[in-house]
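Proteins come first, then strands; the chains are lettered A, B, ... in the order of their sequence lines, and each starts at number 1.
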Protein chains: 2
Amino acid sequence: MDFQSWVGTRLNLVEATLKRVLPGPDIAPQRLHEAMRYAVLDGGKRVRPLLAFAAGELAHADDERVALAAAAVELIHAYSLVHDDLPCMDDDVLRRGKPTCHVEYDEPTALLVGDALHSLAFQLISEYRLAADPETQLDMIRRLAAAAGSRGMAGGQAIDLAAIDQTLTVPELEFMHIHKTGALIRAATLLGARCGNGLAEQDLGRLDHYAKLIGLAFQVVDDVLDAEASTATLGKTAGKDAQQNKPTYVSVLGVTRSKAFATDLREQALAAIESFGNRALRLKELADFIVLRKF
Amino acid sequence: MDFQSWVGTRLNLVEATLKRVLPGPDIAPQRLHEAMRYAVLDGGKRVRPLLAFAAGELAHADDERVALAAAAVELIHAYSLVHDDLPCMDDDVLRRGKPTCHVEYDEPTALLVGDALHSLAFQLISEYRLAADPETQLDMIRRLAAAAGSRGMAGGQAIDLAAIDQTLTVPELEFMHIHKTGALIRAATLLGARCGNGLAEQDLGRLDHYAKLIGLAFQVVDDVLDAEASTATLGKTAGKDAQQNKPTYVSVLGVTRSKAFATDLREQALAAIESFGNRALRLKELADFIVLRKF
């Protein structure tokens, strides 16, 4: 199967899973459920689910299980976007080519949508059998919670807020992104793998290293696209970071060096998983997909 | 041990647990962690933890395990208060006798505090061994997530928002509160019990019925106190519901009938656990404590 077909089948599977696990718009409270579906379905690149599937293949994981774990990660990601877009945070009006949740509905609804998606992620990841044994599944839940929390994504968001109008060094920028986007990307990758046969600790370490590098590359590319691409192409407001005086790789390194940095991170990521050989085919293809998109 | 001493030792235990599991204010991002501790520690009645301990005793549960489960529930409760107090929701400035989190810190920090406490609850409840077997623990996590989510607490909050300026019937009011506060109170009670020896399904059903009635009684009493007590006594802004035109038991039934309703709910709750005899002593005492406080 070529990469595009592989991506297509996986996207369909995760979308179907999300559609199934999100409460229907006919269930009370209807407006909240409608808004939750609005915030999650039919949008986004689904990079985290794709990483989960690719890592799952390495561990011969069942696709249905990976789809559930990936959906849980995507629910966390979607909640974070809804909250990040709120007026008291980034105050953004456009996301995934549509009005943001608080613009389409209202601010209190968007706040509750984020909260309810957050809970739903943990309901999902505890409700179905996802791993060979329940101990592993408990550890997967712990991992997802830690990645989302104050020493992961939410903490990265706090660092991001504190960085407005500040000049950061490259290591400081890296620290921020390893938390803000990296933690959840790493969790997605590891969760995918842990749905399958137990990989050796060393192999999980390699996979995690790959995910860390790819997560960072993803952010560097995002910064470049934010600076170069149009709002229409991105489906979200372009040039927002510069406007808000947020330090980015582009503001610190410039576009040319940022692109070179992303390319370098991709090469390091590929080196990290080289020993897996062809079993890591999708992980390699994803590295290219993430770094080379729309450059 | 008399009830006051029992309450005192349990409050100390849950407070110590919360202090231990909340990241220290010296860990980055410091301000976020400081604000998380501000929002959770040294405040609140801790009704949910007390119910967990009382139910735990019924099932001969280890107090350390119950303390962890109770702390997870209390983190969810604390996050919901921080988000409920935000300007886009109830816009409240006083909570537990202190400025609310967004007043003491700022709005984006308060948003992230809520999000990070939410994640921490699930990290906590998956990180330590809390039940006789991991399958039970997975089910406890699922239960907590469902209680917090769109068909539980967050959903109740959405119904509450939609009820502003509306006239509700008693059954509609009950539906709202069963979600908004009842779901988490029931989860606290069941989680406490499930930390111990497996109670029979029928006994869990009795306990859940008790918790449902007590949760509702708690809300009725809250409405009466909100109408009658002073801001100083409550530690939160009194008369807020009437001011915001929110339907309450007092606005629908009046004070006298509301008090009679609370008393009736307490009697039903006691009847639900009568067959447990003296093993349910703390549950009985808590029913009195909740319904008879400051009337």
What's the spacing between [X] [atom1] and [Y] [atom2] if we round to 0.5 Å?
X	Y	atom1	atom2	answer
A/Q123	B/L144	CD	CG	10.5 Å
A/Q137	B/S126	CD	OG	11.0 Å
A/H83	B/D115	NE2	CG	5.0 Å
A/R143	B/E127	CZ	CD	12.0 Å
A/R142	B/I125	CZ	CD1	15.0 Å

Does any heavy atom of chain A fall under 4.5 Å from the side chain of [X], the backbone, both, or neither of them?
X	result
B/L138	both
B/L86	side chain
B/I27	side chain
B/M36	side chain
B/R129	side chain

Under 4.5 Å between any side-chain heavy atoms of A/L112 and B/L161, yes or no?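 The answer is yes; the side chains approach within 4.5 Å.
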Among the options [options], pick out the one with the most heavy-atom pairs lying under 4.5 Å from chain A.
options	value
B/R151, B/R31, B/Q157	B/R151
B/S80, B/P108, B/A116, B/P23	B/P108
B/A145, B/G155, B/A110	B/A145
B/G152, B/P134, B/A154, B/A121	B/P134
B/M153, B/M89, B/H179, B/M140	B/M89

Which atoms of [X] are under 4.5 Å from chain B, going by heavy atoms: the side chain, the backbone, both sets, or neither?
X	answer
A/I76	neither
A/H33	side chain
A/L32	side chain

If you count heavy-atom pairs under 4.5 Å with chain B, which of A/G156, A/C88, A/A148, A/A146 comes out on top?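 Of the options given, most contacts go to A/C88.
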Looking at A/K180, I want to see if its NZ is surrounded by more than 12 non-hydrogen atoms of other residues, nucleotides or ligands under 6.0 Å. yes
Would you find more than 12 non-hydrogen atoms of other residues, nucleotides or ligands less than 6.0 Å from A/K246 atom NZ?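 Atom NZ in A/K246 is crowded, with more than 12 foreign heavy atoms closer than 6.0 Å.
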What are the two closest non-hydrogen atoms of [X] and [Y], and how far apart are they?
X	Y	value
A/F175	B/A28	CZ-CB, 4.4 Å
B/S150	A/P29	O-CD, 3.3 Å
A/G149	B/S119	CA-CB, 3.7 Å

